[in-house]
Amino acid sequence: MECTPETERVPPPEAGRCIVRVLVELPRHVGLHEALDYRCDRPLAPGTLVRVPLGRRVVTGLVEGMAEPTPACGQVVPPAEPERLRDVAEVFDALPPMTAGWMRLLDFAAAYYQRSRGELALSCLPTALRALDGVQLQRRLKKLARRADVAPEGATPQRPVLAPGQQQALQKLVEQAPSTFLLHGVTGSGKTEVYLREAQRVLEAGRQVLVLVPEINLTPQLEARFAARFPGRRLAVLHSGLTPPQRLQHWLAAHLGQADLVLGTRMAIFASLPRLGLIVVDEEHDPSYKQQEGARYSARDLAVYRGRQAGASVILGSATPSLESWLNAAPAAEGGGRYRRIDLPERIGGGALPAVRLVDLERVVAQHGRQALRLHPISPPLLAALRERLERGEQSMLLLNRRGYAPVLHCTSCGWKSACPHCSAWRVFHKVDRTLRCHHCGSGQRVPLACPECGDPDIQPMGRGTERLEEQLATLLPQARVVRIDGDTTRQSGSLESQLAQVHDGEVDVLVGTQMVAKGHDFRRMTLVAAVDADGALFSSDFRAPERLFALLMQAGGRAGRDAALAARSEMWVQTWHPAHPLFAALKGHDYIAFARSQLDERRIAAMPPFSAQALLRADASTQELAQAFLQRAEALAGELQAAGQVSAEVFLYPPVPTSVQRVADVERAQLLVEAPRRAQLQAFLAAWVPLLDDINRPPTRVIRWAVDVDPLSI
DNA sequence: AGCACGCCGACT
DNA sequence: GTCGGCGTGCTC
């Protein structure tokens, strides 16, 4: 940053001649200004990383700009008492400043999600960077530079012949770039190849490519595909599975522009990418893109912003797009027009989609009598289908979205249930290690031998989870090799990868798992995927539950029939008491478009997202009354703002209510839903309202903690 | 949020 | 007598 006119002589450096505004990691409730002023002997470019004294410690900060300019620039108001300012302790000169584009992303995200810029900025830089001083950083950079010199030049990779649909997709990407594209295509329609080709084009133009995946589990396979396709290119990965030094290493490779490809989970949206040319958001509908703690940002939404301001295309890929994205990609006349939709109509290699079969549990009972439910949740027809696969040497997968043996244990004589003493939830019975465990707070106990209330030894599991399903299968199909993969098995015995390898190697006949096995993994010999108990989501109070269920079932169905030879007899089974539900009709036809249309119609009529914008104010306290009192005060403040005409009267606040799980780890939780017809109105409202909330709880207490969730995914 | 200073209980 | 609880106050 050069402000001095060239004709003017540069004066000798004089300590504290300039004043820099520095963002430091302080939450907004602290009440200090967003940026703190420091003296510095020279101007510093915005985006420069510095170490500054703050109270009794020295912290890492990010230069926002100059508060008092060098004389020729003179437009900014100097702070009141420049004499009392402290000096910048150290400037990270060895590190290029964050780009203006990154700073804009920061500003946008902080404002949109109601966080302080300093807090957001510093929390999305690698923690290891904050711990380093200038000398250590220099050492790191040297090491990195050495490694950059030896970029391997591999053999020319094989590229598959493109299907016509893929060719057309790529043509649109070229012709309409840069813009935001919604790439809609079923599992196996070749979306990844489209990403790879477009990435190649962008890389050849000398720009960087950012690829986001929903879960850390999905990074290795995509990383392998990109690495194989671009052997000479440096690839950086960013996710929470890296050690702090690894994360710093990869972050620096991206920041210095040495890595051309950056692949990661939602946190990677904040990667420093000085030459960004393309962002891919794979499985864009996945709820994992929304951060659920701290700054509750949506990496997918930020990707759209970032791409737009960087002049980079954004590809949102999914077989079952979020309804938000689907609407944005609709014609302008229907309320869309912001994204361009590209369809990949068919499966590559002509693989057929699995036939969807609904098992009407009502009819099963009618035909086989109520004793058929003894087998529940495996109905006689499903059992027969599993046997068939077993005889043919094919694999099956049973999905049940519930870990453990049974969600609750109960006493048949006195009615005692295994309640968690710290949460308003049941402790789940885990038979494997004979424990009762709360899935909310993690607390547990050994399974009691008798009812703790009345001493009756007859305590029974109610309902079923994956453990019990696995056990039932072992009884029903004694000759089958059954394996269970869920959060519990991946936690105790190695990685998901190694367990999946068993399945790939054909050592498994039936796979039982939660939704984690339904995502992204291809099993070539899998010809049956069954959702054993899907009804829960049909009548949920969460208006997004059907959308999530449909996506999950479509995605799970996509696991079957990846082998073209077996595709013809691949089936997706769903057991339900409500076979007439319209969701299933759409599923049978693999008709996302019809499903989206009906869902959007419902949402439009009810003025729910994406036809309105929402934010949630959450409060945690020692009692429900305290939490709700905070929210009521917040509600009253909103009313005052509206009465004074300072915010739109169209913003609607629902009454405060307890959250769906009211108490977690002895903390009572309540929430207040805010709804506005448009995002802009909601944003304007939050900008006026949220700063007032600090005052309700000032000084900040441990009794009440609160947070705002903009565009919440579950209410 | 950190991190200090600052006054009241059970321990080397 | 000290170590340590967390209550209030400050950080450019």
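Residue numbering restarts at 1 for every chain, and letters A, B, ... go by the order of the sequence lines. Note that this is a predicted model, so its numbers are computed, not measured. Hydrogens, waters and symmetry mates play no part in the numbers below; they use all other heavy atoms, side chains included.
Ring centroid separation for the pair A/Tyr297 and A/Tyr289 does not come in under the 6.0 Å cut-off. Between A/His255 and A/His250, the distance separating the two ring centers is not shorter than 6.0 angstrom.
Ring pair A/Tyr305/A/Phe108 is parallel by interplanar angle, where below 30° counts as parallel and above 60° as perpendicular.
A 4.0 Å heavy-atom criterion places the boundary nucleotides of DNA chain B facing chain A at B/dA1 to B/dA4, written 5' to 3'.
A heavy-atom distance below 4.5 Å is not found between the side chains of A/Val690 and A/Phe685.
For the ring pair (Phe, Tyr, Trp, His ring centres under 6.0 Å) condition, no pair includes a residue of residues 34-55 of chain A, sequence neighbours left out.
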Write out a two-atom table: protein N or O, nucleotide N or O from nucleotides 9-12 of chain C, distance below 3.5 Å.
residue: C/dT11; atom: O3'; partner: A/Gly55; partner atom: N; Å: 2.9
residue: C/dC12; atom: OP1; partner: A/Tyr38; partner atom: OH; Å: 3.4
residue: C/dC12; atom: OP1; partner: A/Pro53; partner atom: O; Å: 2.9
residue: C/dC12; atom: OP2; partner: A/Arg86; partner atom: NH1; Å: 2.6
residue: C/dC12; atom: O3'; partner: A/Asp37; partner atom: O; Å: 2.3
residue: C/dC12; atom: O3'; partner: A/Arg86; partner atom: N; Å: 3.4
residue: C/dC12; atom: O2; partner: A/Asp37; partner atom: N; Å: 3.0

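Salt bridge A/Arg300/A/Glu283: absent, no basic N to carboxylate O contact under 4.0 Å. For A/Asp486 and A/Arg403, the salt-bridge test fails: no basic side-chain N is under 4.0 Å from an acidic carboxylate O.
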